[in-house]
Protein chains: 2
Amino acid sequence: MNAGRTARERARAELTEEIKAAARRQLATEGAESLSLRAISRELGMVSSALYRYFPSRDDLLTALIIDAYDALGMAAESAAAKDYEHPLQAWLAVCAALREWARTNPHEYALIYGSPISGYQAPQATVEPAARTPIVLLRIVSQAHAEGWLKLLDDAPEPTGKLPEQLDVIAEIAPGVPHRILLRVVIAWTQLFGMISFELFGQLVGTMDPADDFYDAATRQMAKFIGLS
Amino acid sequence: MNAGRTARERARAELTEEIKAAARRQLATEGAESLSLRAISRELGMVSSALYRYFPSRDDLLTALIIDAYDALGMAAESAAAKDYEHPLQAWLAVCAALREWARTNPHEYALIYGSPISGYQAPQATVEPAARTPIVLLRIVSQAHAEGWLKLLDDAPEPTGKLPEQLDVIAEIAPGVPHRILLRVVIAWTQLFGMISFELFGQLVGTMDPADDFYDAATRQMAKFIGLS
DNA sequence: TCCTTGTCAAGAGCACTGCTCTCGATTTTA
DNA sequence: TAAAATCGAGAGCAGTGCTCTTGACAAGGA
């Protein structure tokens, strides 16, 4: 990490990390929107203007935090998928559980990436790749399950039409060989998954399915079956 | 509306509406978080402090806007469901389309109610009832379809266990007689629906399923089939 | 009709925010 | 060693939510 380079560059890298750490700390207690550069600089014992040498604007700091959050979530999914499972269904369920677990542990960071976009904030291209890590994990499970002959749809899923075939072709690059009918259902399951997590975290389930443990378990199982993982 | 009452009270009611209208206007262009009381008062030609006579705090204004947004969305769903359909599936699809339509037309108001909760803002009890309008519409369609014998699950959906039975009992009050297995799937479809809308609006689909028209249509159809509306 | 009471907009002011610019001091590079 | 790049500190600007006081006005009872 600190390979060679001048003392200045090492100090800069360290301080950059310290700023992000303080920002994350503040993010956890307050909210995403009330993240204050001045409060961070105060916590770090420096003057607010000095902070702009490391992050040109508040949005740049947010972008860094967003990328870190995507990476952390992707990492959680990947390490859950890395274990050995007898059946791909177990891998699917484990990843789903890990995603929810991470979201519940870091609600504000989850809201940062899957909540409403920050006002006047445009997500830069750099966030696209880390954002793709999580859905890629899900797709790989399905892809591998398909290759090993585990997938079996129990109803006659219709063949996608319209713009869907070419859109699914893009996704098929990650999961080669998987039929479009199944890929479409994976995307549906993906939206269901994060819709469910968001609803739980954002309080939409209060009064009905909250606490959502059993609901989450049942839903992930049924959606796994929905895509052919029985 | 303006029944009787003194001139003062009528003026107050009018100004309250004007403030909300200006806030909505500002909400549409800017974002939810950058909603400024001072900007509103400037637009209305009054001094900022005067605004506090109508809304004690920014949160109170937000609460009013949230309730209005829930009501507008609920209204969109209800009027879509009010038409005559030959088959409940058509009603389901119409309501789903109306929800997406409203969300795409009023993205910031949608984000206000289904996005990340405002930092330090606690949704008051008054928002619960208007928030329930939309899911109730969906449940009524399923309930009526069940009563008329339209519902038919094509796979062997498992019977809900754990805390689910008593949680689904609460929902069953709106859709009496509908089996728990189906109710659970309606909730799953509900989370899928709003997960999909949020993903489209918040830019999570860019690069893959965007534009999402065909995906939305296919997903709503498959989820309708998932709950037994064939 | 007068007059008290309650309501109202206005203005000043506080503490906070993101951000910019300048100024010396320090470090790196040539 | 000298030039160039980088750094933290400080002042300052324009904006924010919110509070408090002041004086004007309308409503309703005597």
Side-chain angles (χ1 to χ4, degrees), chain A residues 2-20 22-23 25-27 29-66 112 117-122 124, chain B residues 2-20 22-23 25-27 29-66 108 112 117-122:
Chain A
N2 291 349
R5 292 301 182 274
T6 68
R8 191 171 243 163
E9 275 173 331
R10 272 187 288 115
R12 182 182 179 83
E14 267 184 40
L15 233 179
T16 304
E17 278 308 312
E18 270 188 54
I19 291 171
K20 283 204 287 183
R25 229 173 298 133
Q26 191 177 317
L27 196 67
T29 60
E30 313 296 318
E33 294 293 337
S34 65
L35 192 146
S36 155
L37 294 187
R38 290 181 115 109
I40 294 172
S41 67
R42 232 178 287 129
E43 185 180 328
L44 263 50
M46 64 202 306
V47 101
S48 72
S49 59
L51 222 148
Y52 284 82
R53 301 235 176 239
Y54 299 85
F55 294 95
S57 76
R58 207 185 92 113
D59 279 3
D60 289 275
L61 214 198
L62 279 177
T63 299
L65 292 178
I66 286 174
L112 198 60
I118 320 285
S119 52
Y121 172 81
Q122 175 85 323
Chain B
N2 290 350
R5 293 299 182 274
T6 68
R8 193 170 241 164
E9 276 171 329
R10 272 186 289 115
R12 184 181 180 83
E14 265 183 41
L15 233 180
T16 305
E17 279 307 313
E18 270 186 55
I19 291 171
K20 284 205 285 183
R25 230 172 297 134
Q26 190 176 316
L27 196 67
T29 61
E30 313 296 318
E33 295 293 336
S34 64
L35 193 147
S36 157
L37 295 187
R38 291 181 117 109
I40 294 172
S41 66
R42 230 177 289 128
E43 183 181 330
L44 263 50
M46 63 201 311
V47 102
S48 70
S49 58
L51 222 148
Y52 286 81
R53 299 228 173 244
Y54 298 86
F55 295 94
S57 75
R58 207 186 92 113
D59 279 5
D60 289 274
L61 214 197
L62 278 177
T63 300
L65 292 178
I66 286 174
H108 287 110
L112 197 61
I118 320 284
S119 54
Y121 171 80
Q122 176 87 322

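The shown structure was predicted, so the numbers you read here are calculated from the model rather than taken from an experiment. Proteins get letters first, then strands, A, B, ... in listed order; numbering begins at 1 in each.
- Ranking D:dG17, C:dG18, D:dT16 by closeness to the B:Arg42 side chain, first place goes to D:dT16.
- In this view, A:Glu17 and A:Lys20 satisfy the salt bridge (charged side-chain N to carboxylate O under 4.0 Å, His left out) rule, not counting sequence neighbours.
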What does the list of N/O pairs under 3.5 Å between the protein and nucleotides 24-26 of chain C look like, with a distance for each?
residue: C:dT26; atom: O2; partner: A:Arg8; partner atom: NH2; Å: 3.1

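- Nearest heavy atoms, B:Leu112 versus B:Ala32: CD1-CB, 3.8 Å.
- With sequence neighbours left out, the side-chain hydrogen bond (donor to acceptor under 3.5 Å, both in side chains) criterion links A:Ser57 to A:Asp60.
- As a whole-Å value, the separation of B:Glu30 CD from D:dT16 C1' is 14 Å.
- Legend: residues meeting side-chain contact (heavy atoms from CB on, under 4.5 Å) with A:Ala39, ordered by chain and number and at least two apart, are A:Gln26, A:Ser36, A:Arg42.
- With a 4.5 Å cut-off on side-chain heavy atoms, A:Leu37 and A:Tyr52 count as touching.
- What separates CG of B:Leu62 from P of D:dG17 is a distance of 10 Å, to the nearest Å.
- Residues meeting the salt bridge (charged side-chain N to carboxylate O under 4.0 Å, His left out) test with B:Glu43, sequence neighbours left out: B:Arg25.
- C:dT20 atom P lies 16 Å from atom CZ of A:Phe55, rounded to whole Å.
- Atoms CG (B:Asp60) and P (D:dG17) sit 14 Å apart, rounded to a whole Å.
- Counting non-hydrogen atoms under 4.0 angstrom, B:Leu44 reaches nothing in the nucleic acid.
- A donor-acceptor pair is defined here as one N or O able to donate and one able to accept, closer than 3.5 Å; no such pair exists between the side chain of B:His108 and the backbone of B:Thr29.
- Taking atom CD of residue A:Glu33 and atom P of nucleotide D:dG17, one finds them 14 Å apart after rounding to whole Å.
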Tabulate atom names and distances for all N/O pairs under 3.5 angstrom spanning the protein and nucleotides 8-11 of chain D.
residue: D:dG8; atom: OP1; partner: A:Tyr54; partner atom: OH; Å: 2.7
residue: D:dG8; atom: N7; partner: A:Arg53; partner atom: NE; Å: 3.2
residue: D:dG8; atom: O6; partner: A:Arg53; partner atom: NH2; Å: 2.5
residue: D:dA9; atom: OP2; partner: A:Val47; partner atom: N; Å: 3.2
residue: D:dA9; atom: N7; partner: A:Ser49; partner atom: OG; Å: 3.3
residue: D:dG10; atom: N7; partner: A:Ser49; partner atom: OG; Å: 3.4
residue: D:dG10; atom: O6; partner: A:Ser49; partner atom: OG; Å: 2.7

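- A donor-acceptor pair is defined here as one N or O able to donate and one able to accept, closer than 3.5 Å; such a pair exists between the side chain of A:Arg58 and the backbone of A:Leu35.
- Counting to the nearest Å, the C1' atom of C:dT28 and the CZ atom of A:Arg10 are 13 Å from each other.
- One finds a side-chain N or O of B:Arg12 lying less than 4.0 angstrom from the OP1 or OP2 phosphate oxygen of C:dC8.
- Taking the side chain as every heavy atom from C-beta outward, A:Ile40 and A:Leu61 approach each other to under 4.5 Å.
- Which of C:dC19, D:dT16, C:dT28 sits closest to the side chain of A:Thr6 comes down to C:dT28.
- Among the heavy atoms of the strands lying under 4.0 Å from A:Leu35 are primed sugar atoms or P, OP1, OP2 only; no base atom is included.
- Within the structure, every side-chain polar atom (N or O) of A:Ser57 is placed at least 4.0 Å from both OP1 and OP2 of C:dG18.
- Computed from coordinates, the A:Leu37 CG to C:dG18 P distance equals 4 Å when rounded to whole Å.
- Rounding to whole angstrom units, CD of residue A:Glu9 and P of C:dT28 are separated by 9 Å.
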